J.: 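Sharing a structure, written as structure tokens. Questions coming.
Residue numbering restarts at 1 for every chain, and letters A, B, ... go by the order of the sequence lines. These numbers come from a predicted model, not from an experiment. Only heavy atoms go into these numbers, but all of them, side chains included; no hydrogens, no water, no symmetry mates.
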Amino acid sequence: MLSVMVANPHAEHLQELLEALNEPQREAVTHGEGPLLILAGAGSGKTRVLAHRIAFLIYTDQAQAGEILAITFTNKAAREMRERVERLLGHGTRGMWVMTFHAACARILRAEAQRLGYTRQFTIYDQADARRLAKRSADAVGVDPKRHTPAALHNHISAAKNGLLDAAAYRRRAGSQFEEMVADVYDVYERDLHRMNAMDFDDLLFRTVNLLELFEEVRERYRESFRHVLVDEYQDTNHAQYRLLQLLVGGGRPPRRDEEPQPGDRPTYAGPLGHRNLAVVGDDAQSIYSFRQADIRNILDFQDDFPDARVVKLEQNYRSTQTILSAANAVIANNRGGIAKRLWSELGQGEQIHLRALDDDFAEARHVVGEIQRLLDEEQVARSEIAVLYRTNAMSRALEETLTRADVDYQVIGGTKFYERAEIKDAIAYLSLLANPADAVSFARVVNSPRRGIGQTSVGRVLAFADAHGITAWEAAARGEQAGVGAAAVKALARFMDTMRELRAIAGLPPVGDEDRRPGEAVTGEAATGEAQPGEAALAPGAPVGDLLEALLAQTGYVEALEAERTIEAQGRLENLEALVEGAREFDASAPEGQDTLDAYLQQVALVADADTRSDEGLITLMTLHNAKGLEYPVVFIAGMEDGVFPHSRAIDEGGLEEERRLFYVGITRAMRRLYLTYARRRAVFGAQTYGLPSRFLDEIPPDLLDASSREGEQRERAFRPGALAGGFAPAGRERIAARAGGAGGWQRPHAGAAREHAGEAAAASFRLGEDVVHAAFGEGVVTGVEPGGVIVVRFAGDGSERKLMAEYAPVSRR
DNA sequence: ATCCTGATTTTTTTT
DNA sequence: AAATCAGGAT
């Protein structure tokens with residue numbers, strides 16, 4: 001090692017790079033070629049190790065920037081990784097692939113899609129689009145929609161894809177009538193996707209694996225190109241991702257029993273070994289994505305895959321106090337199996353953990369907010385140092401309302417997404433349809449939005465006609481009459497198509513019909529090898545995406561229709577669209593050399609959830625426990641510590657307790673100095689009151705780690721400013737918890753969600769447009785809309801927000 | 001084709 | 001509590 005350093009022109013940098021590391025970290029960073037497994041406990045500096053390793057590989061000339069593929073699970077993690085590497089190198093990382101699995105696959109497929117019978121403009125369907133398509137497929141097959149929801153069907157298909165089973169392979173394994181039916185739906189779903197030149201999220205992985213298995217030349221090219229592959233959060237990889245990595249680095253093992261090929265399956269590639277320069281980092285105790293088919297065995301069996309792998313354990317935690325670590329260790333000890341790790345910290349015992357019981361979800365929220373206010377005022381804690389975590393997104397509501405009321409600024413990570421709003425999805429669907437005329441889902445979405453007099457029936461006829469004749473929705477729309485569409489709708493369709501053709505011209509796209517191969521006709525085998533240079537732009541660059549969007553919104557009449565509504569809600573939608581255009585302009589400005597900007601833009605929009613767009617400094621952060629993985633905060637609240645909420649009732653039913661416990665472990669270990677746990681005896685779920693018991697996980701925390709008032713049985717709910725709501729009296733957890741922990745068998749735990757009572761009293765006040773109202777949480781506002789079903793829209797003066805409320809039940813009254 | 005109303009569903013977690 | 005869906009009225 002030393003000799004390398006001395007001979008190296010970057011010797012100074014190198015030394016600096018390595019000095020800042022502890023011994024095992026340094027071992028991982030300086031490991032040379034060959035497989036490397038880094039078992040990194042929570043807070044042990046794994047991101048740091050990855051970033052340093054990348055810098056080390058470059059400084060020691062073991063790799064060029066362009067020869068590194070570093071994979072993360074979220075875009076946010078990717079961005080952070082890139083920034084850290086740039087800081088270490090002191091310059092940019094051009095050519096380095098630092099991105100999510102999905103983004104890397106999309107990029108490879110963009111270049112190679114033609115080999116699989118797709119054009120490079122293929123559309124990426126998000127979850128909602130995929131579900132819609134699954135519903136259509138289910139209808140086509142004649143599935144009873146009452147018995148099987150599209151979501152459930154799509155989940156099965158998704159699981160199959162992540163297991164690398166296509167429809168035929170899935171059918172071969174079908175062992176029940178239900179699975180036969182899923183196979184039928186899968187068949188149609190898969191065929192339609194391909195016909196529409198579209199892929200869902202799972203396809204991005206599956207098709208890339210297909211590509212690398214099928215085309216030796218492509219496989220070799222990417223193998224050579226990525227001399228070193230690094231993977232973060234390896235415990236959360238699924239089978240498709242596992243297989244992808246094996247193909248890229250050349251390694252692997254015989255199939256497991258549940259992966260045995262069946263007669264009729266396409267043979268999988270098992271060729272010569274590759275460079276095997278694969279470095280993975282992970283922690284089996286933090287595996288929390290099995291619902292996405294993550295397979296914890298990937299990390300547990302890494303040494304079977306690579307018997308010569310070097311294994312490094314990182315056990316020193318730099319984040320949390322010993323009290324917090326002890327709690328985390330005690331909790332996770334209740335799981336069976338797993339790789340033994342002893343996390344330790346030099347940060348001292350620190351403060352004990354605070355546990356509080358509250359009467360209901362709003363009392364819980366008031367307690368949390370009251371404590372936050374105290375920390376801000378009395379202890380000079382910064383807002384950015386505080387996070388509130390919860391199990392499900394829906395739980396943010398009580399917290400948000402209470403924070404708003406207390407005038408504490410906050411941000412929610414995840415949750416309702418910008419790109420999921422109807423007007424944004426419409427605009428994106430227009431772009432998708434322009435780029436990919438075969439995209440029937442987008443076609444169906446926008447053809448009558450704004451209203452053009454093309455209703456469900458007409459759209460259905462067009463799509464059925466396209467289906468019957470094996471043509472695209474675009475082509476079918478141009479032949480409305482033959483499709484049996486009524487005369488008025490034919491005219492409307494023609495006008496719509498004219499508009500779309502004009503927009504295609506503005507986008508710089510050629511007229512539809514001759515620019516690309518019809519999707520669905522795969523170019524297979526040898527015939528394809530050698531043609532089509534990846535990365536080469538086939539089309540002339542068109543107008544910038546921002547301009548195109550603006551033109552589109554104007555020419556389709558979309559903006560006009562919204563303006564005509566003259567409601568504040570429509571005003572909000574217009575503002576959202578302006579924000580979208582603005583974002584697109586920023587994208588244009590930073591896009592490299594104008595080529596294929598539309599495709600690149602659509603890809604980014606599809607793959608970048610705004611959970612990872614910016615997170616403002618200076619705000620309290622609210623998010624789900626899942627979203628918190630990889631983050632750390634000096635002060636962490638975990639709310640909703642009740643059985644049925646956390647662990648979630650579905651997980652209890654389906655035997656997912658160990659994963660829930662890992663999720664709790666993740667939550668605890670986010671905290672650096674201070675950890676608060678709260679639960680509510682009563683909580684509104686789906687608008688009905690539910691009674692819950694304290695989470696069984698609370699019993700697993702050694703009582704001496706809890707602070708005195710947590711243990712001593714009673715304390716007052718913290719006074720809540722302003723407007724001092726009734727401070728509830730809370731005889732707290734200890735007796736009940738201790739009683740249960742002590743008494744073997746304890747008391748019977750009612751099935752979660754069993755106890756419910758009806759909520760709300762009547763007094764149906766009818767509100768009228770323009771009336772001044774006051775809301776218990778949001779304050780003063782004005783009625784800006786009255787909708788059917790007793791829904792009113794209120795614009796609040798406090799924060800300018802607009803919210804839909806149930807007039808009958810919401811705490812609003814006339815002012 | 002579109003609007004209106006009542007019924008049903010939603011809540012795991014995400015690329 | 002609020003969103004979505006289905007069926008019926010216009």
Side-chain angles (χ1 to χ4, degrees), chain A residues 71-78 99-106 124-127 130 135 145-146 149-151 155 158 162 200-205 233 236-238 240-241 288-294 389-398 401 413-417 422 448 451-459 486 488-489 492 606-609 611-612 623-629 640 644-654 656 659-660 662-663 666-667 683-690 752-753 759-760 787-793 803-811:
Chain A
I71 294 182
T72 61
F73 264 81
T74 66
N75 296 290
K76 185 176 180 187
M99 54 187 84
T100 64
F101 269 108
H102 289 83
C105 288
I124 299 170
Y125 285 156
D126 66 15
Q127 199 82 0
K135 179 174 162 41
K146 290 270 181 274
T149 65
N155 282 343
S158 173
N162 283 311
D200 60 22
F201 280 149
D202 306 314
D203 278 336
L204 294 175
L205 302 169
E233 309 280 17
D236 284 328
T237 50
N238 62 35
Q241 290 160 336
I288 55 173
Y289 282 106
S290 73
F291 66 93
R292 232 165 63 187
Q293 283 76 52
L389 312 181
Y390 37 79
R391 180 64 178 83
T392 67
N393 277 310
M395 291 172 61
S396 73
R397 245 197 92 226
E401 288 186 12
I413 307 290
T416 341
K417 290 163 184 151
N448 199 34
R451 299 244 130 78
R452 298 186 173 91
I454 306 168
Q456 268 180 9
T457 329
S458 301
V459 176
L607 295 180
V608 177
D612 14 62
M623 67 189 135
T624 63
L625 287 148
H626 280 86
N627 264 318
K629 190 167 72 154
V645 174
F646 191 26
H648 194 275
S649 52
R650 286 270 296 264
I652 298 172
D653 291 346
E654 291 163 22
E659 177 146 320
E660 294 286 300
R662 290 194 291 266
L663 188 57
V666 168
R683 178 179 300 278
V685 180
F686 295 146
Q689 293 296 328
T690 307
E787 299 188 357
V791 173
I792 58 171
V793 186
R803 294 166 196 267
K804 289 188 180 181
L805 305 166
M806 294 287 288
E808 197 171 334
Y809 298 107

J.: With sequence neighbours left out, write down each residue that passes side-chain contact (heavy atoms from CB on, under 4.5 Å) with A/S396, or none if nothing qualifies.
T.: A/Y390, A/E400
J.: Which part of the nucleic acid does A/N448 contact within heavy-atom distance under 4.0 Å: base, sugar-phosphate only, or nothing?
T.: sugar-phosphate
J.: Just to confirm, is there a sub-4.0 Å distance from OP1 or OP2 of B/dT14 to any side-chain nitrogen or oxygen of A/T74?
T.: no
J.: Apply side-chain hydrogen bond (donor to acceptor under 3.5 Å, both in side chains) to A/E660 and list each qualifying residue two or more places apart in sequence or on a separate chain.
T.: A/R391
J.: Between A/R451 and B/dC3, does any side-chain N or O lie under 4.0 Å from OP1 or OP2?
T.: yes
J.: I'd like to check the ring-ring contact (aromatic ring centres under 6.0 Å, His included) partners of A/F73; sequence neighbours left out, ordered by chain and number.
T.: A/F101
J.: Please measure how far the C1' atom in C/dT4 lies from the corresponding atom in B/dT13, and state the result in whole Å.
T.: 22 Å
J.: Give a yes/no on whether any side-chain N or O of A/N393 is located under 4.0 angstrom from OP1 or OP2 of B/dT13.
T.: yes
J.: Do A/M395 and A/F646 come close enough that some side-chain heavy atom pair is under 4.5 Å?
T.: no
J.: Quick one: A/R683 CZ to C/dA1 C1', roughly how many Å, whole number?
T.: 15 Å
J.: Over how many whole Å does the gap from A/L205 atom CG to B/dT14 atom P extend?
T.: 18 Å
J.: With DNA chain B as reference, determine whether A/Q127 or A/S458 sits nearer its 5' end, using the nearest nucleotide of each.
T.: A/S458
J.: What's the NE2-C1' distance between A/H626 and B/dT15, to the nearest Å?
T.: 13 Å
J.: Nearest whole Å is fine: how far is B/dT10 P from A/H648 NE2?
T.: 12 Å
J.: Counting the atoms with a prime plus P, OP1 and OP2 as sugar-phosphate, which does A/F101 contact under 4.0 Å by heavy atoms, base, sugar-phosphate, or nothing?
T.: nothing
J.: CG of A/L205 to CD of A/Q293: how many Å apart, nearest 0.5 Å?
T.: 11.0 Å
J.: Could you pull out the closest heavy-atom pair between A/A106 and A/I124, with the gap in Å?
T.: CB-CD1, 4.3 Å
J.: From C-beta outward on A/N627, which listed nucleotide comes closest to its side chain: B/dT14, C/dA6, B/dT15?
T.: B/dT14
J.: How would you list, by chain and number, every residue that makes a side-chain contact (heavy atoms from CB on, under 4.5 Å) with A/A103, sequence neighbours excluded?
T.: A/M99, A/T100, A/L607
J.: Among B/dT15, B/dT11, C/dA6, which nucleotide has an atom closest to any side-chain atom of A/R292?
T.: B/dT15
J.: From the options B/dT11, C/dA6, B/dT13, select the nucleotide whose nearest atom is closest to the side chain of A/K135.
T.: C/dA6
J.: Determine: side-chain N/O of A/T457 to OP1/OP2 of B/dA1, distance under 4.0 Å, yes or no.
T.: yes
J.: Rounded to the nearest Å, what distance is computed from the CG atom of residue A/N155 to the P atom of nucleotide B/dT14?
T.: 14 Å
J.: Take atom CD1 of A/I413 and atom P of B/dT13, then tell me their distance rounded to the nearest Å.
T.: 15 Å
J.: If you check every side-chain atom of A/F686, which of B/dT14, B/dT11, B/dT15 has the closest atom?
T.: B/dT11
J.: Please report the distance, rounded to the nearest Å, between CG in A/D653 and C1' in B/dT11.
T.: 14 Å
J.: Starting at atom OH of A/Y125, determine the distance to atom P of B/dT14, rounded to an integer number of angstrom.
T.: 24 Å
J.: Any base atoms under 4.0 Å from A/F646, or only sugar-phosphate, or nothing? Heavy atoms, all strands.
T.: nothing
J.: Go through DNA chain B and write down every stem, that is, every run of at least three consecutive Watson-Crick or G-U wobble pairs with distances under 3.5 Å, as range with range.
T.: B:1-10 with C:1-10
J.: Nearest nucleotide by nearest heavy atom, which residue falls closer to the 5' end of DNA chain B, A/Y289 or A/A151?
T.: A/A151
J.: Residues two or more places apart in sequence or in another chain: which of them pass side-chain hydrogen bond (donor to acceptor under 3.5 Å, both in side chains) with A/D203?
T.: A/K161
